[in-house]
Amino acid sequence: MAASMLVQRTAALCGTFKGISVSKAVCPVNSHYGFMLQTACYNPRPLRLDLRGPYIPDKDSIKTPEWQKTARYDKKLFGRFGSASHIDPASLWPSHEELEKIKAEEKQWHPPLEVMLKNIEAKEKEETEKRLAKEKLIAANMAKMPKMIEDWRREKRETKRKLKEEKAQKAKLLAEARERFGYSMDPRSPKFLEMVAEIEKEEKKKKKLLKRRVKEEQVAAPPVAQS
């Protein structure tokens with residue numbers, strides 16, 4: 001009852017204001033009654049769509065988008081509408097190059113079960129060989145460990161001995177310089193370095209003379225009688 005009365009009143013209002021333009025509307029647009037009036041008098045234009053059959057784009061028309069002219073869209077139409085799409089199924093079959101590419105991709109990303117098992121076996125074999133080689137290297141290094149420790153200790157003792165000798169030699173040279181010049185000297189001074197070079201030269205000369213004397217004694221010694 002209330003719905004029929006509302007329809008009758010709305011029809012009466014539309015008949016009353018039929019000749020009035022939008023600019024001379026009685027109720028403003030932002031008012032509640034004006035909105036109801038516009039909604040009641042709205043008459044949309046009908047959509048010109050052919051819903052009786054599938055939409056098949058015209059490939060010869062310039063208004064048709066390019067993506068609707070591709071083979072991919074043809075496959076989509078044929079998959080949705082079948083023979084009603086007027087598309088030849090033979091044209092959807094991939095070419096020889098595309099087929100070879102598909103087969104190569106399937107072989108690479110989806111290999112047969114036998115190939116997958118062989119790949120797993122080869123990978124496990126490679127990992128086992130690497131592990132055995134690593135264990136062998138560790139065992140060999142562990143076998144060398146005592147000798148390596150002994151060599152390290154010997155080198156450490158040799159280094160310590162050399163440092164001790166150098167320190168003693170330096171103290172000896174400083175004492176000799178103090179005795180020769182009568183005062184303590186800086187080991188970095190040119191005078192001290194000149195004295196060290198002179199002493200080293202004298203020591204080399206003494207060693208050379210000692211070596212020559214030993215050689216002369218060996219030549220002058222009588223030969224040992226052989227029994």
Side-chain angles (χ1 to χ4, degrees), residues 1-139 141:
M1 182 78 179
S4 61
M5 292 179 64
L6 179 61
V7 171
Q8 291 177 1
R9 290 180 181 180
T10 302
L13 286 172
C14 290
T16 304
F17 298 105
K18 185 175 181 181
I20 301 175
S21 62
V22 178
S23 60
K24 296 180 180 180
V26 175
C27 298
V29 177
N30 57 358
S31 66
H32 179 66
Y33 295 105
F35 177 75
M36 290 182 60
L37 179 60
Q38 287 185 354
T39 304
C41 299
Y42 178 67
N43 186 17
R45 296 178 60 184
L47 297 175
R48 297 186 180 182
L49 297 177
D50 187 7
L51 303 177
R52 292 173 296 179
Y55 169 70
I56 308 300
D58 185 8
K59 294 185 178 182
D60 297 331
S61 176
I62 59 175
K63 296 182 179 181
T64 303
E66 293 298 327
W67 60 272
Q68 292 185 358
K69 299 179 182 181
T70 60
R72 184 177 180 181
Y73 190 77
D74 291 345
K75 294 177 183 179
K76 184 177 180 181
L77 287 177
F78 186 81
R80 180 177 295 179
F81 302 113
S83 59
S85 61
H86 306 291
I87 296 175
D88 185 12
S91 63
L92 305 179
W93 189 258
S95 63
H96 181 71
E97 291 78 8
E98 293 176 348
L99 190 60
E100 291 296 329
K101 184 178 180 181
I102 293 172
K103 290 168 66 176
E105 290 179 354
E106 289 183 353
K107 186 176 180 181
Q108 179 181 1
W109 298 106
H110 305 284
L113 181 60
E114 296 179 357
V115 176
M116 293 176 66
L117 292 175
K118 288 182 179 179
N119 293 338
I120 293 173
E121 184 179 358
K123 188 175 181 180
E124 290 179 351
K125 183 179 179 181
E126 183 181 359
E127 291 179 353
T128 303
E129 291 177 354
K130 287 183 179 179
R131 178 175 56 81
L132 292 176
K134 188 175 181 180
E135 291 177 356
K136 185 177 179 181
L137 179 62
I138 292 173
N141 290 335

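What you see below is based on every heavy atom in this structure, not just the backbone, and it leaves out hydrogens, waters and symmetry mates.
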Out of curiosity, K136 NZ to I138 CD1, how far, rounded to the nearest 0.5 Å? 13.5 Å
Nearest-0.5 Å distance, CD of residue E98 to NZ of residue K101: 8.0 Å
Just how far is it from atom CD of E121 to atom NZ of K118, taken to the nearest 0.5 Å? 9.0 Å
Under 3.5 Å, sequence neighbours excluded: what are the donor-acceptor pairs made by side chains of residues 56-77?
| from | atom 1 | to | atom 2 | distance (Å) |
| --- | --- | --- | --- | --- |
| D58 | OD1 | D60 | N | 3.2 |
| K59 | NZ | D74 | OD1 | 3.0 |
| K59 | NZ | D74 | OD2 | 2.5 |
| S61 | OG | K63 | N | 3.2 |
| T64 | OG1 | D58 | O | 2.5 |
| Q68 | OE1 | Y55 | OH | 3.4 |
| K69 | NZ | K59 | O | 3.4 |
| K69 | NZ | S61 | O | 3.2 |
| T70 | OG1 | W67 | O | 2.9 |
| T70 | OG1 | Y73 | N | 3.4 |

To the nearest 0.5 Å, tell me how far K107 NZ sits from E100 CD. 10.5 Å
Residues in side chain to side chain donor-acceptor pair (under 3.5 Å) contact with E126, at least two apart in sequence or another chain: none
Heavy-atom nearest pair, S85 first then G82, reads OG-O, 2.6 Å
NZ/NE/NH1/NH2 to OD/OE distance under 4.0 Å, E135 and R131: yes
